[in-house]
Number of protein chains: 2
Amino acid sequence: MVEAWIESALGRMRSATGRSGGARRAVVAFLGRQDCCLSAQEIHDGVRADGERVGIASVYRALESLDELGLVQRVDFGDGVARFEPADPRGDHHHHLVCDDCGKVEPFEDIALEAALERVAGGRGYEAAAHDVVVRGACEDCRAQLQA
Amino acid sequence: MVEAWIESALGRMRSATGRSGGARRAVVAFLGRQDCCLSAQEIHDGVRADGERVGIASVYRALESLDELGLVQRVDFGDGVARFEPADPRGDHHHHLVCDDCGKVEPFEDIALEAALERVAGGRGYEAAAHDVVVRGACEDCRAQLQA
DNA sequence: ACGATAATGATATCCGTTCTCAGAGACGTG
DNA sequence: CACGTCTCTGAGAACGGATATCATTATCGT
């Protein structure tokens, strides 16, 4: 399924502009191996660790294109850094629990939550395009440590 | 109730540090009249429109203190600008619908949504301190206009 | 292989936010 | 009320993530 995302992302980016380039391929290849969100900087570092010489500007451009095509989900924890993760082509998506203490990030999904969001948006006449949910708090480990 | 928020905010800020200053008073007085979120810049402009000469740094400092005391809710729409709104002292809070097209912001609250979030956090061992929910999409007006 | 044109990478720029620091103001005391 | 102390304040510098610029490179159809 990782391969599938990479293939489809490369294909759809190519057909969007008629061109393909090394930087995009490198970003897509790296991103396809990730399962949770990373900042643009981390993606840049990861791509360079793969041995590709890619500029940070190209990373942002690739992420912007991927976002427009719905191939990537943009996540914002409110710390001034945008994060990105490959988006499930079937439309499934998850949200995030972030520990205020250690910074750990955990994905979660919840059907009742999704249903509530849909209902709210629809009730207000909105065609909901996207929604971001971030829950912040102290994770189990950190709470245990604070007690000790 | 506007007065109540202003009074309690001023009182709690004073007892937190033992001092009080003009900039904080001005920010609190302006913020107490708002009912939905504003950026630091907008707050700065609003305070100056009240005739107070306040530096942007003091606005950020006041907002930081208010946030730590739980008197203000920090809201992030993912556009790189932090927004702030007075927080209900009873703990009630709302979330936001943002129109991608015209930028309109609408508050909403939903009990089922809150319940789902609590359940998710608790189920993962988290002590949830806060959660942000932002729904983005096209509002009714903009959808009507796009059709025409 | 060639020409047109999109993609790339280095760097400059933008802009929101935070930091720094000298000066002003608030509070407790005599 | 005057004084000393210590916080608050405001102007501007610094910071950092994101975006814009632009000359160069690479890709694709012919």
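Naming: A, B, ... by sequence-line order, numbering from 1 per chain. This one's a predicted model, so the numbers in the text were calculated from it and none came from an experiment.
Sequence order on DNA chain D of the closest nucleotides to B:R25 and A:S20 puts B:R25 first from the 5' end. Both B:S39 and A:V59 lie close to DNA chain C; mapped to their nearest nucleotides by heavy-atom distance, the more 5′-ward contact belongs to A:V59. Residue B:E64 is the one, among B:E64 and B:G22, whose nearest nucleotide of DNA chain C lies closer to the 5' end (criterion: closest heavy atom).
For the pair A:L63 CG and D:dG17 P, the interatomic distance rounds to 15 Å; values are reported in whole Å. Rounded to a whole Å, the NE2 atom of A:H44 is 14 Å from the C1' atom of D:dG17. With rounding to whole Å, B:R53 atom CZ is found 15 Å from D:dC8 atom C1'. Look at CZ on B:R61: it is 14 Å from P on C:dC21, rounded to the nearest Å. As rounded to whole Å, 11 Å separates atom P of C:dG16 from atom CD of B:E42. B:I56 has its CD1 atom 16 Å from the C1' atom of D:dC15, to the nearest Å. Distance CG (A:L10) to P (C:dA7): 14 Å, rounded to an integer number of Å. Note: CZ (B:R24) to C1' (D:dT7) measures 8 Å, nearest angstrom.
For C:dT5, its base sits under 3.5 Å from the side chain of A:R19 at one donor and acceptor pair at least.
Residue B:I111 places its CD1 atom among 12 or fewer non-hydrogen atoms of other residues, nucleotides or ligands, all under 6.0 Å distant.
Considering only side-chain N and O atoms, B:Y60 lies nowhere under 4.0 angstrom from the phosphate OP1 or OP2 of C:dT18.
By the rule that hydrophobic residues join a cluster once side-chain heavy atoms approach within less than 4.5 Å of another member, B:Y126 and A:F108 end up as members of one cluster. Under the 4.5 Å side-chain contact rule for hydrophobic residues, B:L71 and B:L38 share a cluster.
Looking at the side chain of B:A40, the nearest of the listed nucleotides C:dA10, C:dT17, D:dA18 is C:dT17. Checking D:dT9, D:dT27, D:dT19 against the side-chain heavy atoms of B:S58 singles out D:dT9 as nearest. In the set D:dC28, C:dT17, C:dT11, C:dT17 carries the atom at the smallest distance from any side-chain atom of B:A82.
Checked for salt-bridge contact, B:R33 and B:D50 meet the test: a charged N lies under 4.0 Å from a carboxylate O.
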Could you walk me through whether A:R12 and A:S15 satisfy the side chain to side chain donor-acceptor pair (under 3.5 Å) test, starting with their C-alpha distance in whole Å, then the side-chain angles of each, then the deciding distance to 0.1 Å, before giving a yes or no?
CA-CA 5 Å; A:R12 290 182 58 191; A:S15 50; over 6 Å; no
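Counting non-hydrogen atoms under 4.0 angstrom, A:A57 reaches a base of the nucleic acid.
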